[in-house]
Q: 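This structure is in structure tokens; I'll ask about it shortly.
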Amino acid sequence: MVRGVGRTEGILLAGSVLVVLVATGIQARSPGTWLMEVVWVLIGLPLVVALRKRFPLTRLLCWLLVLHAIVLCYGGQYTYAETPAGEWVQGWLGTQRNNYDRFAHVVQGFVPAIAVREVLLRRTPLRPGAWVAFLTVCVCVTIAAGFEFVEWLSALVAGAGADDFLGTQGDVWDTQWDMFLCLCGAVLSLLIWCRVHDRQLRDDRAG
């Protein structure tokens, strides 16, 4: 069984996410938008904690999930189109839009790729290789498409009230960009982390 992170490290990681949740929630410009953006953190954190003994995650995945939670919370606090970090990069590069949402969609593929890969390698007969990589990327892009359906539904229900949540900033190709960048993030993550991830899974099994 995978040992995952130690008790102290686990408390530190979970505590960090809670602190970020509280801080960004208190300072959120639009509480409703913040809630819609961080709902996945509110669901995911208790789930990871509840399953920590039956399905402990590798250290790599735990740290990546914390990174993803911070990205979501920060984006939710300001709404993605108005994040100070995005505005700073916008001024630095001279772009026409705040691209923090672009970065967030890269992360949307970068982090889930390791989560999907971990489930495939631990809960199916598959072994590291091309099929696992292919299926991992397919699942990540499918998840990204699912989020776009959620945004579409929110636009139908709330109309202009969903503008902060959608964050398209007038880009008619925003949906396509979101899915493409998620694809790029998933591929990049596999290129960077596969060996580290395999080593952690192998070392934990040996332990």
Side-chain angles (χ1 to χ4, degrees), residues 13 16-45 63-115 137 139-193:
L13 293 176
S16 299
V17 173
L18 287 174
V19 169
V20 172
L21 269 171
V22 172
T24 57
I26 292 174
Q27 302 177 65
R29 293 186 178 179
S30 172
T33 300
W34 174 85
L35 183 60
M36 287 191 290
E37 298 291 1
V38 307
V39 66
W40 310 110
V41 182
L42 297 174
I43 294 172
L45 179 59
W63 279 90
L64 287 175
L65 288 173
V66 171
L67 167 66
H68 201 177
I70 293 172
V71 169
L72 291 172
C73 291
Y74 181 72
Q77 176 183 346
Y78 293 99
T79 74
Y80 285 88
E82 300 177 1
T83 55
E87 290 176 351
W88 179 81
V89 173
Q90 182 180 3
W92 178 45
L93 297 178
T95 58
Q96 295 181 344
R97 74 192 303 277
N98 186 321
N99 281 317
Y100 183 81
D101 66 321
R102 303 289 198 227
F103 165 71
H105 280 285
V106 172
V107 175
Q108 186 187 45
F110 191 83
V111 175
I114 300 303
V137 172
V139 171
C140 288
V141 174
T142 300
I143 293 172
F147 277 116
E148 298 307 319
F149 281 124
V150 171
E151 291 185 354
W152 167 71
L153 182 60
S154 69
L156 289 179
V157 173
D163 287 350
D164 284 344
F165 178 57
L166 298 177
T168 61
Q169 301 182 63
D171 185 356
V172 296
W173 300 109
D174 186 71
T175 297
Q176 289 76 13
W177 270 112
D178 291 350
M179 292 187 288
F180 173 69
L181 291 172
C182 176
L183 168 66
C184 293
V187 172
L188 180 63
S189 183
L190 294 178
L191 291 174
I192 293 175
W193 296 120

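Just the heavy atoms: all of them, side chains too, but no hydrogens, waters or symmetry mates, feed the values below.
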Q: Look at the rings of Tyr100 and Phe103 and say which category their plane angle falls in: under 30° parallel, 30 to 60° tilted, over 60° perpendicular.
A: tilted

Q: Check whether any side-chain heavy atom of Leu42 sits under 4.5 Å from a side-chain heavy atom of Leu35, and report yes or no.
A: yes

Q: Are any of the side-chain heavy atoms of Leu13 and Trp63 separated by less than 4.5 Å?
A: yes

Q: For the atom pair CG (Leu181) and CZ (Phe110), what is the distance rounded to the nearest 0.5 Å?
A: 14.0 Å

Q: If you take all heavy atoms of Cys73 and Val38, which pair is closest and at what distance?
A: CA-CG1, 3.8 Å

Q: With a 4.5 Å heavy-atom cut-off, do Val89 and Asn99 have their side chains touching?
A: no

Q: Can you tell me how far CD of Glu87 sits from CG of Asn98, rounded to the nearest 0.5 angstrom?
A: 5.5 Å

Q: Shortest non-hydrogen contact from Gly109 to Cys140?
A: O-SG, 4.1 Å

Q: Report the distance from atom CD1 of Ile70 to atom CG of Leu65, rounding to the nearest 0.5 Å.
A: 11.5 Å

Q: Which atom pair, heavy atoms only, marks the closest approach of Thr83 to Gly75?
A: CG2-CA, 4.1 Å

Q: Where is the tightest heavy-atom contact between Pro112 and Val107, given as atom of each residue plus distance?
A: CD-O, 3.5 Å

Q: Is any side-chain heavy atom of Trp34 less than 4.5 Å from a side-chain heavy atom of Ile26?
A: no

Q: Which value, rounded to the nearest 0.5 Å, describes the distance between Met179 atom CE and His105 atom NE2?
A: 10.0 Å

Q: Please give me the minimum heavy-atom distance between Met36 and Trp40, naming the atom from each residue.
A: O-NE1, 4.3 Å

Q: Of Leu67, Val20, Val41, Val39, which is the lone residue that meets side-chain contact (heavy atoms from CB on, under 4.5 Å) with Leu72?
A: Val41

Q: State, to 0.1 Å, how close Gln27 and Gln77 come at their nearest heavy-atom pair, and which atoms those are.
A: CB-NE2, 3.5 Å

Q: Given Arg102, which of Trp177, Tyr80, Phe180 fulfils the side-chain contact (heavy atoms from CB on, under 4.5 Å) condition?
A: Trp177

